[in-house]
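Data block below; observations after.
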Amino acid sequence: MDFASDNAGGASPKILEAIVAANSGFTPAYGADDFSRDAAARLSATFERDCAVFLVTTGTAANALALAALAPPWGAIFCHEDAHISDDECGAPEFYTNGAKLVGLHGSHGKITPASLSDALDLYPRGLVKQVQPAALSISQATECGTLYSLAEIADLADLAHGAGLGVHMDGARFANALETLGCTPAEASWKAGIDILSFGATKNGALACEAVIVFDPERAADLPFRRKRGGHTLSKGRFLGAQMQAYLEADHWRELARDANQMAARLADGLTAIPGIRAPWPRQVNEVFVVLPGVIDRALRRAGARYYDWGTRGLTAMQAPGADESFVRLVTSFATTREQVDAFLRIARSAAGG
Ligand SMILES: *Cc1c(COP(=O)(O)O)cnc(C)c1O
């Protein structure tokens, strides 16, 4: 019963098989191989547009490189105050941009609003030499709260950002999970809504270690080959990244993996919220479930060996915040989560609740 994160499980067998199959023979190095070329072509086909694609091994590298393509060292990057780029990447975006400033914005459920972006833009006037200059907006889809921006919400934010001369980045570590719920095309969920550069996650959704920086406007990609190499993310045996991305996209495997993860999260969320005393501060939309647990249930689950994280309560209103003997926790499912794991977890929670 490991719900600590979507990377607690292993890799999808189909992707591992693709890595093994790519192992034989000789290929050009540094991503000039057919696996990588084909992976890039498939991503362009998936997104219905000629994209510049840069495969890397971590989401942190994908985000940091994407932001470096959008922001100069004296740039401001607007993001949610709880964004992964701000809270969980050890300063990589600042490092790869050579010092751009991340400006964290408030917003409930992990989402930035046009009003908060517009207020922030007012604080960073263009041309004022003592201030960093507005350069980029970065949003996470799904957000760090497991919530989603609607396509209209993305378009509103992107319009505002573009109007102010910003580039727009999406951290899509859970893009596949988001797409399953949104029920739209990859193009609609990204460039058609105004995204300029997407960090397209695959690792959390079943790859061994593979993420793509997808640049929808090739002009913005001009420096990225050098930035990636300089950042130590141009793999000499690049074929193994290409092979992972090929297998991820093949026959919509990525969609299937995300659907499984989301379904397990739905089962978990429905089961938990039916138990008296357990409440969810916001609706489950992808493969993450956030709940306030009574202490007696939390303790019983942990005694039984279940793994999950206590979560920061900054995003909760006073009404939603956990009481004296309650915990606010995050539970994450993945393609590797089984129905048995979810049901065992629910049984323990129900019996601890006395039902
Ligand atoms: C996991 C995650 C990433 C990528 O993190 P890495 O550990 O560097 O691969 C990026 N953004 C979000 C929102 C994530 O949850």
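As the structure lists them, so they are numbered: ligands from 1, and atoms in each ligand from 1. Since this is a predicted model, take the numbers as computed values, not measurements.
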Sorted by chain and number, the residues that approach ligand 1 to under 4.0 Å with a heavy atom: Thr58, Gly59, Thr60, Asn63, His84, Glu89, Glu144, Asp171, Ala173, Arg174, Lys204
Thr147 (side chain) donor-acceptor with Thr143 (main chain) under 3.5 angstrom: no
Nearest non-hydrogen partners of Ala178 and Ala142, listed with the distance: CB-N, 4.0 Å
Glu211-Ser199 side chain donor-acceptor pair, cut-off 3.5 Å: no
Contacts of type salt bridge (charged side-chain N to carboxylate O under 4.0 Å, His left out), residue Glu288, not counting sequence neighbours: Arg174, Arg330
Fellow cluster residues of Trp282, listed by chain then number, with links counted only when side-chain atoms sit under 4.5 Å apart: Phe290, Val292, Tyr309, Trp311, Leu316, Phe328
With Asp171 via salt bridge (charged side-chain N to carboxylate O under 4.0 Å, His left out) - residues at least two apart: none
